[in-house]
Amino acid sequence: MKREEIVRQSMPLRKIMLVFGTRPEAIKMCPLVKELKARKMFQTVVCVTGQHREMLEQVLEAFHVVPDYNLSVMKKQQDLFDITVGILGKMKEVLQKESPDVVLVHGDTSTAFAAALACFYLQIPVGHVEAGLRTYDMHSPYPEEFNRQAVSIVTQYHFAPTMQARDNLLKEGKEPSKIWVTGNTVIDSLRTTVRKDYVHPELEWAKGSKLIFITAHRRENLGQPMYHMFRAIRRVLEEHPQVKALYPIHMNPAVREAAKKELEDCDRMHIIEPINVIECHNLMARAYLILTDSGGIQEEAPSLGKPVLVMRNTTERPEGIQAGTLKLAGTEEHTIYQNFKELLENKQAYDAMAKANNPYGDGHASKRIADILEQSAQKEFDGRSLS
Ligand code: UD1
Ligand code: UDP
């Protein structure tokens, strides 16, 4: 037997820890958890911070993922200090106990930032899933633009979803050999959730109408911008009797307060509790149009061929705009009103946006990330053993 073969056989398990805490991170990390768990080379540890509670549980249940650790940091009306300080303290203990070879964080939440910072303090390598998204405006989205840039500084493995994200990282001087374009794991998720024969009571209710799907939660939109959004939506609904709207509302009390004030007695709108990811993807797949300030939905809609009015002034997801599926509608009442009305009244404008065009990958991003981690581990081990 050659020396290299002996070395390969004795390579120890590589311990990979995935850390996430909010609904969208879970939707995008669960496919990766499954992929890593299926590989013999890895021991996979899942640590959820519990930045979200019910909304996180919904995703874990849908994907049958059981975490090894839950830091349970969520408090009602938590601020950024609560989340960051809560996670940083608790992560120290978990990281010291588990001593993982690599920690994978996702995107731009406070969970990602605090977990990456904890790894940096303990000198544990970080892999960043969904790396390289940028607006270069520190206040939009807030605090996410800071979070993702800060995570990039301490990352050893940048898993960029698109070439554009890779280019951002290169422009910032990140080492090319540490950046991989993998596609976005959200498409891995979407491949498992959307069903042809899907039925739902809300679809029965909306039968014969144009169904509008709405979500809103961004921290920088809380307060006046959110009131403007809701007023614009309400005006358009009042003027268009053929339209019904479904709004699964975020659990943030500030969002609920604004919705209660502006939308409570709005005809033809159902405001419902957060729905699970399977319901969400299937309802979006059957909607006529989506209005949102969500990041994940901007990535899902192009695959589903659904026009999206993004209720923001900037986006870190220019690929969806270039694909023609997304349009920035701003956060002012009149811009949202005009854009919404136009897509209901101008068939040509609607048709131009309603085309399936997916810039976010082929649904095998998790597999690519796992392959890269395997190859890197092997290379490192070979290097060490043969030196
Ligand atoms: C967080 C992320 C944001 C992401 C969003 C996804 C940060 C700073 N923000 O914002 O990037 O887009 O999640 O939804 O990391 N709540 C519950 N139960 C839950 C979840 C939330 O009651 O399961 C309520 C709590 O009162 C909580 C509030 O919602 O205080 C806000 O949650 P938080 O995680 O602070 O902010 P999000 O707006 O959800
Ligand atoms: N989503 C869900 N249930 C809902 C609303 C949204 O499962 O009631 C999904 C949606 O399909 C997308 C993700 O949650 O995958 C987006 O999460 P969110 O808007 O909370 O956060 P963001 O993507 O803006 O960070």
Side-chain angles (χ1 to χ4, degrees), residues 20-31 48-63 72-84 86-87 105-115 130 133 140-148 150-151 184-190 193-194 202 213-222 226 246-257 270-285 287 290-301 303-304 306 308 310-312 315-317 360:
F20 52 95
T22 64
R23 169 172 66 191
E25 293 170 278
I27 290 171
K28 294 166 171 179
M29 288 292 253
C30 283
V48 297
T49 61
Q51 178 178 337
H52 283 176
R53 190 184 297 146
E54 300 86 346
M55 286 161 53
L56 174 68
E57 286 301 327
Q58 278 185 320
V59 186
L60 296 173
E61 256 174 47
F63 288 114
S72 301
V73 300
M74 200 200 89
K75 291 186 200 165
K76 289 278 169 208
Q77 279 160 338
Q78 59 201 2
D79 63 21
L80 298 174
F81 292 90
D82 296 324
I83 310 171
T84 304
I87 294 171
V105 300
H106 184 279
D108 53 20
T109 63
S110 292
T111 285
F113 166 63
E130 200 179 278
L133 276 64
S140 180
Y142 174 85
E144 289 81 1
E145 181 66 17
F146 164 79
N147 287 343
R148 56 197 175 210
V151 173
N184 196 310
T185 56
V186 78
I187 306 298
D188 302 22
S189 253
L190 205 54
T193 50
V194 179
E202 297 295 348
F213 189 89
I214 300 167
T215 78
H217 73 85
R218 295 241 78 82
R219 203 168 276 262
E220 70 274 12
N221 286 342
L222 298 176
M226 202 158 278
L246 185 63
Y247 175 13
I249 194 167
H250 195 282
M251 294 191 79
N252 190 334
V255 175
R256 289 178 175 229
E257 197 185 309
H270 276 184
I271 300 182
I272 58 173
E273 287 303 316
I275 46 182
N276 75 41
V277 59
I278 298 167
E279 291 176 290
C280 189
H281 287 172
N282 280 286
L283 291 173
M284 282 197 299
I290 299 170
L291 273 78
T292 191
D293 64 5
S294 157
I297 290 178
Q298 291 180 56
E299 293 154 347
E300 293 160 349
S303 274
L304 299 170
K306 297 297 165 183
V308 178
V310 181
M311 298 186 287
R312 292 175 50 182
T315 182
E316 56 292 278
R317 290 160 171 100
Y360 294 110

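Keep in mind that what you see is a predicted model, and the values were worked out from it rather than measured. We count residues from 1, following the sequence as given. First listed ligand is number 1; within each ligand, the first listed atom is number 1.
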Take His250 and Thr215 through the test side chain to side chain contact (heavy atoms under 4.5 Å, CB included) and record every step on the way to the result.
CA-CA 7 Å; His250 195 282; Thr215 78; over 6 Å; no
Have a look at Met55, Gln51, Glu25 and point out the one with the heavy atom closest to atom 23 (O) of ligand 1.
Met55
Winner among Lys75, Met251, Arg219 once heavy atoms are compared against atom 27 (C) of ligand 1
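Going through Lys75, Met251, Arg219 one by one, Lys75 has the nearest heavy atom to atom 27 (C) of ligand 1.
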Is there a heavy atom in [X] that sits closer than 4.0 Å to ligand 1?
{"X": "Gly295", "value": "no"}
{"X": "Thr111", "value": "no"}
{"X": "Arg218", "value": "yes"}

Quick one: look up the protein heavy atom nearest [atom] and list residue, atom name and how far away it is.
{"atom": "atom 10 (C) of ligand 2", "answer": "Glu300 OE1, 3.6 Å"}
{"atom": "atom 23 (O) of ligand 2", "answer": "Gly296 N, 2.7 Å"}
{"atom": "atom 8 (C) of ligand 1", "answer": "Ser110 OG, 3.2 Å"}
{"atom": "atom 1 (N) of ligand 2", "answer": "Cys280 SG, 3.3 Å"}
{"atom": "atom 10 (O) of ligand 1", "answer": "His52 NE2, 4.3 Å"}
{"atom": "atom 29 (O) of ligand 1", "answer": "Asn252 CA, 3.3 Å"}
{"atom": "atom 9 (C) of ligand 2", "answer": "Ile27 CD1, 3.6 Å"}
{"atom": "atom 22 (O) of ligand 1", "answer": "Lys76 NZ, 2.8 Å"}
{"atom": "atom 4 (C) of ligand 1", "answer": "His217 CE1, 3.7 Å"}
{"atom": "atom 9 (N) of ligand 1", "answer": "Glu144 OE2, 3.4 Å"}
{"atom": "atom 25 (O) of ligand 2", "answer": "Pro24 CG, 3.3 Å"}
{"atom": "atom 22 (P) of ligand 2", "answer": "Gly295 N, 3.6 Å"}
{"atom": "atom 18 (N) of ligand 1", "answer": "Glu54 OE1, 2.7 Å"}

Quick one: does any side-chain atom of [X] pair with a main-chain N or O of [Y] as donor and acceptor, under 3.5 Å?
{"X": "Asp293", "Y": "Arg218", "result": "yes"}
{"X": "Glu25", "Y": "Phe20", "result": "no"}
{"X": "Asn282", "Y": "Thr193", "result": "yes"}
{"X": "Glu316", "Y": "Gly295", "result": "no"}
{"X": "Lys306", "Y": "Ala287", "result": "yes"}
{"X": "Glu279", "Y": "Asn276", "result": "yes"}
{"X": "Gln58", "Y": "Pro274", "result": "yes"}

Numbering the atoms of ligand 2 from 1, which are under 4.0 Å from a heavy atom of Met284?
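Going through ligand 2 atom by atom, the ones under 4.0 Å from Met284 are 11 (O).
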Regarding Gln298 and Thr315, do their side chains bring together a donor and an acceptor under 3.5 Å, going by distance alone?
yes
How long is the straight-line distance from [atom2] of [Y] back to [atom1] of [X], given to the nearest 0.5 Å?
{"X": "Thr49", "Y": "Leu56", "atom1": "OG1", "atom2": "CG", "value": "7.5 Å"}
{"X": "His270", "Y": "Leu246", "atom1": "NE2", "atom2": "CG", "value": "8.0 Å"}
{"X": "Ile27", "Y": "Asp188", "atom1": "CD1", "atom2": "CG", "value": "13.0 Å"}
{"X": "Ser294", "Y": "Ile214", "atom1": "OG", "atom2": "CD1", "value": "13.5 Å"}
{"X": "Thr22", "Y": "His217", "atom1": "OG1", "atom2": "NE2", "value": "8.5 Å"}

Examine the proximity of ligand 2 to [X] and report which part, side chain or backbone, both or neither, has a heavy atom under 4.0 Å away.
{"X": "Gln58", "value": "neither"}
{"X": "Glu279", "value": "neither"}
{"X": "Met55", "value": "neither"}
{"X": "Ile275", "value": "both"}

At under 4.0 Å between heavy atoms, is it the side chain or the backbone of [X] that contacts ligand 1, or both, or neither?
{"X": "His250", "value": "side chain"}
{"X": "Pro253", "value": "side chain"}
{"X": "Pro143", "value": "side chain"}
{"X": "Ser294", "value": "neither"}
{"X": "Gln78", "value": "both"}

Decide whether an N or O pair under 3.5 Å exists between [X] and ligand 2.
{"X": "Arg218", "answer": "yes"}
{"X": "Arg23", "answer": "yes"}
{"X": "Pro248", "answer": "no"}
{"X": "Ser294", "answer": "yes"}
{"X": "Val186", "answer": "no"}

Does the side chain to side chain contact (heavy atoms under 4.5 Å, CB included) test come out yes or no for Leu304 and Val194, once each step is laid out?
CA-CA 9 Å; Leu304 299 170; Val194 179; 4.2 Å; yes
Which of the atoms in ligand 1, numbered in the order shown and given with their element, are less than 4.0 Å from a heavy-atom of [X]?
{"X": "Gln77", "value": "26 (O), 30 (O)"}
{"X": "Ile83", "value": "35 (O)"}
{"X": "Arg53", "value": "19 (C), 23 (O)"}
{"X": "Leu80", "value": "8 (C)"}

Residues which pass ring pair (Phe, Tyr, Trp, His ring centres under 6.0 Å) with Phe113, listed by chain and number, not counting sequence neighbours:
Phe146
Measuring from non-hydrogen atoms of Glu25 to any atom of ligand 2, is the shortest distance under 4.0 Å?
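So Glu25 does not count as touching ligand 2.
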Nearest heavy atoms of Thr111 and Gly21, plus distance in Å
CG2-N, 3.7 Å
Below 4.0 angstrom, N of the basic side chain to O of the carboxylate: do [X] and [Y] qualify?
{"X": "Glu145", "Y": "Arg148", "result": "yes"}
{"X": "Glu144", "Y": "Arg219", "result": "no"}
{"X": "Glu273", "Y": "Arg256", "result": "yes"}

Does CD in Glu257 sit with more than 12 non-hydrogen atoms of other residues, nucleotides or ligands closer than 6.0 Å?
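For Glu257, atom CD is not crowded (no more than 12 foreign heavy atoms under 6.0 Å).
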